[in-house]
Amino acid sequence: MKRDNIVSKIEEKDLEQLQQILKDVFNNNISYEKMKNLYKITKDNKDIHVLGYYINDNLVGTVTLNILTFPSGKDATIWDLAIKDEYRRLGIATKLMNRAEEIAKKEHITRIWLFSGFHRKCAHELYRKLGYDENKDKAFVKNI
């Protein structure tokens, strides 16, 4: 069945396309083998949703929603919102984000954390438009 203009979970057959999108957008050089191993670990995890947007059965955009459980309840994080250059400004990122938020609402999540590099100014415009508040909390990161 041909996938067209839908948002759904990424399938194993899409990993090469996903790898290329992440490389192009984030300069992420994750190996195909590592990506395949991560896919195997996460594909049945109900708390990790790697979503894809397809046109003519080709993956053109992705976002990851990760649901986190704490003693105080559940939150979620958004990671790796990435759209192929030639498909930007067509509303695909908004559709991916809306789908991620729908999943979060079904899980009774009331707060989504979104992390983005300082240099991604266009992405930040979208996040603001979608109601994300960059001044509410502060994240600290340490590479180890």
Side-chain angles (χ1 to χ4, degrees), residues 1-70 73-134 136-137 139-144:
M1 178 180 184
K2 182 177 165 184
R3 296 169 295 177
D4 197 17
N5 296 323
I6 61 169
V7 177
S8 63
K9 274 198 160 195
I10 298 281
E11 297 176 15
E12 187 170 3
K13 67 182 181 177
D14 303 317
L15 292 180
E16 285 183 28
Q17 292 181 79
L18 177 61
Q19 179 187 25
Q20 190 61 51
I21 291 172
L22 295 177
K23 181 180 179 187
D24 293 345
V25 174
F26 299 115
N27 201 26
N28 182 335
N29 288 319
I30 187 171
S31 72
Y32 181 76
E33 283 306 310
K34 187 172 183 180
M35 182 164 283
K36 195 171 179 181
N37 288 335
L38 288 170
Y39 174 80
K40 287 177 182 176
I41 292 167
T42 62
K43 73 176 178 137
D44 295 322
N45 185 327
K46 64 178 181 58
D47 291 332
I48 300 174
H49 302 267
V50 183
L51 305 175
Y53 191 90
Y54 299 85
I55 295 178
N56 295 324
D57 211 31
N58 292 308
L59 181 66
V60 300
T62 185
V63 70
T64 299
L65 175 75
N66 190 357
I67 297 170
L68 307 168
T69 302
F70 301 105
K74 289 183 177 183
D75 278 1
T77 57
I78 293 282
W79 298 96
D80 295 339
L81 176 64
I83 310 298
K84 283 185 174 183
D85 279 342
E86 61 269 30
Y87 293 96
R88 291 187 181 161
R89 301 234 172 250
L90 299 176
I92 294 170
T94 298
K95 289 177 184 174
L96 284 163
M97 292 292 289
N98 288 341
R99 180 66 182 119
E101 290 177 12
E102 288 172 13
I103 293 168
K105 286 176 187 174
K106 285 181 185 175
E107 294 292 323
H108 307 289
I109 292 166
T110 58
R111 181 169 57 177
I112 297 176
W113 295 75
L114 191 152
F115 298 91
S116 183
F118 284 105
H119 66 285
R120 300 194 68 215
K121 303 295 183 199
C122 289
H124 299 169
E125 288 177 31
L126 170 68
Y127 304 147
R128 285 185 209 103
K129 184 178 101 176
L130 293 174
Y132 287 81
D133 182 355
E134 64 193 300
K136 186 168 182 170
D137 291 298
F140 292 83
V141 178
K142 180 179 180 180
N143 293 330
I144 54 173

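Values in this document were obtained by computation on a predicted structure and should not be read as measured data.
- Taken from OH in Tyr54 to CD in Glu11, the straight-line distance is 6.0 Å, to the nearest 0.5 Å.
- Under the 4.5 Å side-chain criterion, counting only non-hydrogen atoms from C-beta, Asp14 is not in contact with Thr62.
- Side-chain contact between Leu96 and Ile83: present, with at least one pair of heavy atoms (C-beta onward) separated by less than 4.5 Å.
- Looking at heavy atoms from C-beta onward, Lys105 lies out of side-chain contact with Glu102 at the 4.5 angstrom threshold.
- How far CG of Asp57 is from CD1 of Ile55: 11.5 Å, rounded to the nearest 0.5 Å.
- Without hydrogens or angle criteria, Lys121 side chain to Phe118 main chain gives a donor-acceptor distance under 3.5 Å.
- Atom CG of residue Leu65 and atom CD1 of residue Ile109 lie 6.5 Å apart, to the nearest 0.5 angstrom.
- Rounded to the nearest 0.5 angstrom, Glu107 CD and Ile67 CD1 are separated by 4.5 Å.
- Between Ser116 and Glu134 the shortest side-chain heavy-atom distance does not fall below 4.5 Å.
- Atom CD1 of Ile103 and atom NZ of Lys46 lie 13.0 Å apart (nearest 0.5 Å).
- When all heavy atoms of Gln17 and Leu59 are compared, the pair lying nearest together is OE1-N, 2.8 Å.
- Note on ring orientation: taking the six-membered ring where Trp is involved, the planes of Phe115 and Trp113 are parallel (angle under 30°, cut-offs 30° and 60°).
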So Tyr39 and Val50, side chain to side chain contact (heavy atoms under 4.5 Å, CB included) or not? Walk me through it.
CA-CA 9 Å; Tyr39 174 80; Val50 183; over 6 Å; no
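- In this structure, the side chain of Ser31 engages the main chain of Lys34 through a donor-acceptor pair within 3.5 Å.
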Intermediate values then yes/no, side chain to side chain contact (heavy atoms under 4.5 Å, CB included), Ile78 and Glu101
CA-CA 9 Å; Ile78 293 282; Glu101 290 177 12; 6.0 Å; no
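- Between Leu114 and Leu81, the closest side-chain pair of non-hydrogen atoms is not below 4.5 Å.
- By the 4.5 Å heavy-atom criterion applied to side chains, Val60 and Leu90 are not counted as neighbours.
- Looking only at distances, a side-chain donor or acceptor of Asn28 sits under 3.5 Å from a matching main-chain atom of Ile30.
- Within 6.0 Å of NZ in Lys9 there are more than 12 heavy atoms belonging to other residues, nucleotides or ligands.
- Between Leu15 and Tyr32, the shortest heavy-atom distance links the atoms CB-CE1, 3.7 Å.
- The side-chain heavy atoms of Lys84 and Tyr53, taken from C-beta on, include no pair separated by under 4.5 Å.
- The two atoms that bring Val63 and Ala100 nearest to each other are CG1-CB, 4.5 Å, heavy atoms only.
- For the residue pair Gly61 and Ile21, the shortest heavy atom distance occurs at N-CD1, 4.0 Å.
- Between Arg88 and Val25 the shortest side-chain heavy-atom distance falls below 4.5 Å.
- To the nearest 0.5 Å, the span separating CG on Asp47 from OG1 on Thr42 amounts to 11.5 Å.
- A salt bridge is absent between Glu33 and Lys36: the closest approach of a Lys/Arg side-chain nitrogen to an acidic carboxylate oxygen does not fall below 4.0 angstrom.
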